[in-house]
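Quick caveat, the model's predicted, so the values are computed rather than measured. Chain naming here is simple, since letters A, B, ... match the order of the sequence lines and numbering starts at 1 in each.
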Amino acid sequence: MEQIKITFPDGSIREFAKGTTAMEIAESISPRLAQEVLSASTDGHVIDLQLPINESCALHLHKWDDEEGKRTFWHTSSHLLAEALESLYPGIKFGIGPSIENGFYYDVDAPVPITEADLPKIEKKMEELARTKEPVVRREVPKAEALKTFTEKGDQYKVELITALEDGTISFYSNGAFTDLCRGPHLPNTGYIKAIKLTSVAGAYWRGDEHNKMLTRIYGITFPKKSMLDDYLVLLEEAKKRDHRKLGKELELFMFSQRVGQGLPLWLPKGAELRNRLENFLRKVQKEYGYEQVITPHIGQKELYVTSGHYAKYGKDSFQPIHTPYEGEEFLLKPMNCPHHCEIYRFKPRSYKDLPLRFAEFGTVYRYEQSGELHGLTRVRGFTQDDAHLFVRPDQLLQEFENVIDIVLYIFKTLHFEEYTAQISLRDPNNKEKYIGSDENWEKAESAIIKAAKDKGLKTVVEYGEAAFYGPKLDFMVKDAIGRKWQLGTIQVDYNLPERFDLTYTGADDKPHRPIMIHRAPFGSMERFVAVLLEHTGGKFPLWLAPTQCVVLPISEKFTDYAKKVSKYLNNSDIRSEVDERNEKIGRKIRDNELKRIPFLVIVGEKEENDNLISVRQQSEGDKGQMTADEFIAMINSLVKTETEVK
RNA sequence: GCCGAUGUAGCUCAGUUGGUCAGAGCAGCUGAUUUGUAAUCAGCAGGUCGUGGGUUCGACUCCCUCCAUCGGCUCCA
C-alpha cells in the first residue's frame, strides 16, 4: 500500500498509509490525544479530523488550548445553534454563523422575534441535540446543485452567498436535520459540546451594510467541560467590576448629565486631578522631543473645513454649527485640530532649517457621534485629543515617525499596557474613492509607516480600509475589561493637507517645497485613555497618578489635630494627602479608604503623637509599621521615581 | 441612526395577577460612643416610581410617544 510521510511539529516524521485520517493518526499516538483533538492542519490548511490525507505533509493536531481548535469547536457550535433554531422556528432563514474571539454567533431572519427570554429554551434544545452526539457530515456538491437546494428551501441569504462563490464544488455540512453551506472544518460530532451559554441577542445588518435588512444575531459560547463555562462566567463577572463607568462613579472621577447632553463628560475633582497629571506627564515627554505647545479656538469657520476636505468628506450633518449674529460667517465646532495647526504653520514663511516643526495641543474637539455609538468615556461627543502635528521634510519623515513610536511605547510601558496591537491601517484597495490624494502620495505614506514599524521591531497587523481619508495610520489598539478593542495611540502620515493648505518651506535650493505632516496622539484622547487605564488598573492607579496618594486616619477625634498637622506637612512636600475626620472606628476608616483605592493610609493615635511618628499602611500590603513623616515622604518619592523611570 | 433590553431615594436593589406597596441596605443629617489596621449603636430625613399622553372607579404595575442608559450592528476625521 502506498505510504505518505507525516511531519509532526517537533520535527519527527512518521509514515502512514495514504488515506489515513488525522483522527486515526491521533489515535495511533495516544487515546488521550484522540479524545482531545478537535481539528487538524495539513501544511497550514485546516481540515476535518475524518478527512483522508493523501499527500505527505506537515501535520498539526489542534486541541482546545490552541486557537484553531477553539475556532473549530465554536464553529460547530454555531451549526448546533442553527439546528436548534430550525427545529424551534420552522421557516427561519440563515445568514452567516462564524466563530469569534470568545464564542460564536449566528445571524438569522426569524419568522417571529427572538428575544433574550427565548435563549434558555434554545440552549436547552442545543443541549438535547448535543447529547445525541450527531455526526457532522461533510458533502461536496456542484455549485448548481447547491443553488438549487437553497433556492428550494427559500433561504435567500445562502443563495446570495453561493451566487458570489466561484464555480466548482461547494461543501455542505450536516448535523441532524440541519445542512449548511460551509467551508469547515468541523468537529466529528456535536457530542463534544458539553456546556452551552447563549449570551445575547442583537440586531446586525446583513453583510454588515446598514442599507440591508437587519437580522437577528444570537451570540453564544460553548465549552468541552461544564466547569470551564462556570469559570468563564466568573471571569466575566470579575471583568464587569472593572468597568470604567462603574469605577468612574465609585471613585468620583467623572459623570454625565442629561441636562448637559449625551456623550459630554463632566470631570469631577478627582478625575480632573488624574487627567491633569497625565497631561503634564506627556507635556514633559514632548518637550524632550522638541514639541512646542500651541492653543487654538474651539470653533472655526466652515471655510476652514472645506479647505481641509473634512467638510466634503463628512457632510454638514457631522458638524455642529454655532449660531452667531455675524453676517457672512458660519462657524462650526471643531471636530479636529489639524486645520488650525496648518494655519499656524502659515503664520510666516518657513525655511528648511525650521523643520521639523512640532505643534502640540491638548485640543478639545466635538464630533456628532450617533446616539447608539456612545459608550461611557470611550466614545463621546466632546473630548480632548493629546494632539500634535509635525511638519517635516521628506528626509526627516522616517526619523520623526520613529520618534513618535518611541513616545507611544514609552507611555505604554510606563503604564504597563503590555498587551496591545500595533495596527497598520491602510486604504481599502477596492474602494479608493473614499480617500483623497494621489496614489503616489498614498504609496509613499504607506511605505513610510510600514518601514518605521519594522525598524522599531513592532509586531503589526495590517487592516485594509481602516485608514483615515487623508492618509494611512499606525494605530495602537488596547482591550478593555471585557475584551472590546479600542484605538488609543495613533500616528498618521499625511501628504494631502499640506497640499490643500498650500504649505511650503524654502529649500536650500531657494525653491518652495512641500512639507509632510505627521498627525499623532499617543493617548488618543484623554477620555478614552483614562477609561482604559481605569479598567486595566481596576482603579488602583500607580502612585504617581493617584488623585489622592494618602489619607491620614486619626484613631479618634482626640488626634484629629495631629492628623491635620501631618497631612499639611505631607502636602507641603508634594504628597497628595487628606484627613479622614469622620467619627468612626479605625477599622471602618481603613475599609472605606481601601475601597476608594487609596495607595497609602497613615494612622495616627496616642503612640504616634507622643513620639512624633506615623503608622503606615500600604494598599494590598497592609501594615508597614511606624516611621517619621520624612521617612514616609522619602519612601513615596522613591516609589514614584521607580514607577516613572522606564528604560 | 438600526435591532433588543432596561429606567423605583445620591448609590445598589425589593415591589407577587392593577386595589394602604412606595420599601430595604449603604451614603446623608442628629445624638450617643472616643475608638489601634477592612463595616459601633440609635433616631431622623430623603422618591411626582425617566418624560408626556392614554386605558381604568383606581396605574410603579397595562398600552403609546419621547428621553436616557445597557448589549450588539453600522460609524469612528
Side-chain angles (χ1 to χ4, degrees), chain A residues 105 107 113-118 199-219 240 243 245-246 249-250 252 255-259 261-263 305 308-311 313-314 317-319 334-339 365 367-376 378-381 383 385 387 425 436 466-471 473 475 482 484 486-487 490 492 494 497 519 521 524-525 528 553-560 583-595 601-608 615-620 622-625:
Chain A
Y105 66 78
D107 283 348
I114 298 175
T115 71
E116 255 161 65
D118 300 311
T199 46
S200 65
V201 287
Y205 298 109
W206 167 236
R207 309 198 108 182
D209 185 336
E210 66 180 319
H211 304 294
N212 285 341
K213 180 168 179 177
M214 185 160 262
L215 305 180
T216 304
R217 176 169 298 179
I218 302 177
Y219 284 94
K240 277 191 193 146
D243 189 312
R245 292 163 297 191
K246 183 174 149 63
K249 205 182 279 179
E250 284 173 11
E252 300 192 0
M255 63 172 283
F256 289 91
S257 149
Q258 266 201 53
R259 217 194 293 269
Q262 271 189 294
Y305 308 105
S308 70
H310 288 95
Y311 198 84
K313 167 70 187 176
Y314 290 97
D317 294 340
S318 295
F319 286 84
K334 77 170 165 187
M336 78 293 297
N337 306 300
C338 11
V365 296
R367 295 178 183 178
Y368 183 76
E369 306 288 5
Q370 298 189 77
S371 59
E373 291 159 353
L374 299 172
H375 182 100
T378 49
R379 195 79 189 272
V380 286
R381 286 184 173 163
F383 58 96
Q385 295 179 309
D387 212 356
S425 302
I436 60 170
E466 293 293 314
F469 77 96
Y470 50 75
K473 310 191 284 177
D475 292 326
I482 66 166
R484 282 180 287 232
W486 296 98
Q487 176 206 304
T490 179
Q492 308 165 10
D494 179 6
L497 284 189
H519 307 238
S525 80
R528 184 176 288 178
L553 316 178
I555 292 286
S556 80
E557 286 182 338
K558 286 183 202 160
F559 310 105
T560 305
N583 178 8
E584 293 288 350
K585 288 182 154 174
I586 195 68
R588 176 53 177 276
K589 293 190 194 178
I590 287 172
R591 178 186 154 80
D592 289 350
N593 286 291
E594 286 275 356
L595 288 176
L601 301 181
V602 166
I603 293 152
V604 294
E606 194 174 358
K607 288 182 269 181
E608 288 77 10
S615 281
V616 174
R617 185 190 157 101
Q618 189 173 2
Q619 181 183 63
S620 52
D623 198 352
K624 303 295 264 190

Where the side chain of [X] is concerned, which of [options] is the nearest nucleotide?
{"X": "A:Ala202", "options": "B:A38, B:G71, B:G36", "result": "B:G71"}
{"X": "A:Arg217", "options": "B:G72, B:G1, B:C76", "result": "B:G72"}
{"X": "A:Glu373", "options": "B:C70, B:G1, B:U40", "result": "B:G1"}
{"X": "A:Gln262", "options": "B:A68, B:C75, B:G4", "result": "B:A68"}
{"X": "A:Met214", "options": "B:C2, B:A39, B:C76", "result": "B:C2"}
{"X": "A:Ser556", "options": "B:G1, B:U37, B:U34", "result": "B:U34"}
{"X": "A:Thr115", "options": "B:U12, B:G4, B:C76", "result": "B:G4"}
{"X": "A:Arg245", "options": "B:A77, B:G71, B:C76", "result": "B:G71"}
{"X": "A:Ser371", "options": "B:C76, B:G1, B:A77", "result": "B:G1"}
{"X": "A:Tyr470", "options": "B:G71, B:A77, B:U74", "result": "B:A77"}

If only atom types and distance count, is the side chain of [X] paired as donor or acceptor with the main-chain N or O of [Y] below 3.5 Å?
{"X": "A:Asp118", "Y": "A:Thr115", "value": "yes"}
{"X": "A:Thr490", "Y": "A:Ala521", "value": "no"}
{"X": "A:Arg528", "Y": "A:Thr378", "value": "yes"}

State which residues pass side-chain hydrogen bond (donor to acceptor under 3.5 Å, both in side chains) with [X]; sequence neighbours excluded, sorted by chain then number.
{"X": "A:Asp387", "answer": "A:Asn337"}
{"X": "A:His310", "answer": "A:Ser308"}
{"X": "A:Glu606", "answer": "none"}
{"X": "A:Thr216", "answer": "none"}

So, do A:Tyr305 and A:Pro335 sit near enough that their side-chain heavy atoms are less than 4.5 Å apart? yes
Categorize [X] for me: base, sugar-phosphate, or nothing, with a 4.0 angstrom heavy-atom threshold over every strand shown.
{"X": "A:Tyr219", "answer": "sugar-phosphate"}
{"X": "A:Glu466", "answer": "nothing"}
{"X": "A:Ile586", "answer": "sugar-phosphate"}
{"X": "A:Lys473", "answer": "sugar-phosphate"}
{"X": "A:Ser615", "answer": "base"}
{"X": "A:Gln487", "answer": "nothing"}
{"X": "A:Gly622", "answer": "nothing"}
{"X": "A:Gly605", "answer": "base"}

Whether the side chain of A:Tyr205 and the base of B:G1 hold a donor-acceptor pair under 3.5 Å is what I'd like checked.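 Answer is yes: a donor-acceptor pair is held.
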Side chain A:Arg259 and base B:A68 donor-acceptor under 3.5 Å: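 Answer no: no donor N or O sits under 3.5 Å from an acceptor.
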Report yes if a side-chain nitrogen or oxygen of [X] is closer than 4.0 Å to either non-bridging phosphate oxygen (OP1 or OP2) of [N]; otherwise report no.
{"X": "A:His375", "N": "B:U69", "answer": "no"}
{"X": "A:Lys585", "N": "B:C41", "answer": "no"}
{"X": "A:Arg484", "N": "B:G72", "answer": "yes"}
{"X": "A:Lys249", "N": "B:U12", "answer": "yes"}

What distance, rounded to whole Å, do you find between the two [atom1] atoms, one in [N] and one in [M]?
{"N": "B:G7", "M": "B:U61", "atom1": "C1'", "result": "14 Å"}
{"N": "B:A24", "M": "B:C44", "atom1": "P", "result": "11 Å"}
{"N": "B:U8", "M": "B:G25", "atom1": "C1'", "result": "15 Å"}
{"N": "B:G50", "M": "B:U6", "atom1": "P", "result": "13 Å"}
{"N": "B:A22", "M": "B:G31", "atom1": "C1'", "result": "28 Å"}
{"N": "B:G10", "M": "B:U16", "atom1": "C1'", "result": "29 Å"}
{"N": "B:A9", "M": "B:C26", "atom1": "C1'", "result": "12 Å"}
{"N": "B:U40", "M": "B:U48", "atom1": "P", "result": "32 Å"}

Could you go through nucleotides 43-53 of chain B and list every protein N or O atom that sits under 3.5 Å from one of its N or O atoms, giving the distance for each pair?
none

What is the distance, to the nearest angstrom, from the CD atom on A:Glu252 to the C1' atom on B:G10? 10 Å
Nearest-angstrom distance from the residue atom CZ of A:Arg591 to P of B:U40: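 My rounded result for the distance is 9 Å.
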Could you measure the distance from the CD atom of A:Glu369 to the CD atom of A:Gln262? Nearest 0.5 Å is fine. 11.5 Å
Using ring-ring contact (aromatic ring centres under 6.0 Å, His included) as the criterion, list what pairs up with A:Phe256, not counting sequence neighbours.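 For A:Phe256 there are no ring-ring contact (aromatic ring centres under 6.0 Å, His included) partners, ignoring immediate neighbours.
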Return each pair, listed once, that meets salt bridge (Lys or Arg N to Asp or Glu O under 4.0 Å) where at least one residue sits in residues 199-211 of chain A; pairs must be two or more places apart or across chains. A:Glu160-A:Arg207
Toss me the dot-bracket line for RNA chain B: Watson-Crick and G-U wobble, both under 3.5 Å, 5' to 3', using | for pairs to another strand and [ ] for crossers. (((((((..((((.....[...)))).(((((.......))))).....(.(((..]....))).))))))))....
Mapping A:Met336 and A:Val201 to their closest nucleotides on RNA chain B, which lands nearer the 5' end?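 Per heavy-atom nearest nucleotide, the more 5' residue is A:Val201.
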Quick one: on RNA chain B, does A:Ser200 or A:Gln385 contact a more 5' nucleotide (nearest heavy atom)?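 Counting from the 5' end, the first nearest nucleotide belongs to A:Ser200.
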Assign the ring pair A:Phe469 / A:Tyr314 to parallel, tilted or perpendicular, where the plane angle (0 to 90°) is split at 30° and 60°.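 Judged by the thresholds at 30° and 60°, the geometry between A:Phe469 and A:Tyr314 is perpendicular.
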For A:Asn593, the side chain to side chain contact (heavy atoms under 4.5 Å, CB included) test, sequence neighbours excluded, returns A:Val551, A:Leu553, A:Asp580, A:Lys589, A:Lys596, A:Ile598, A:Leu601
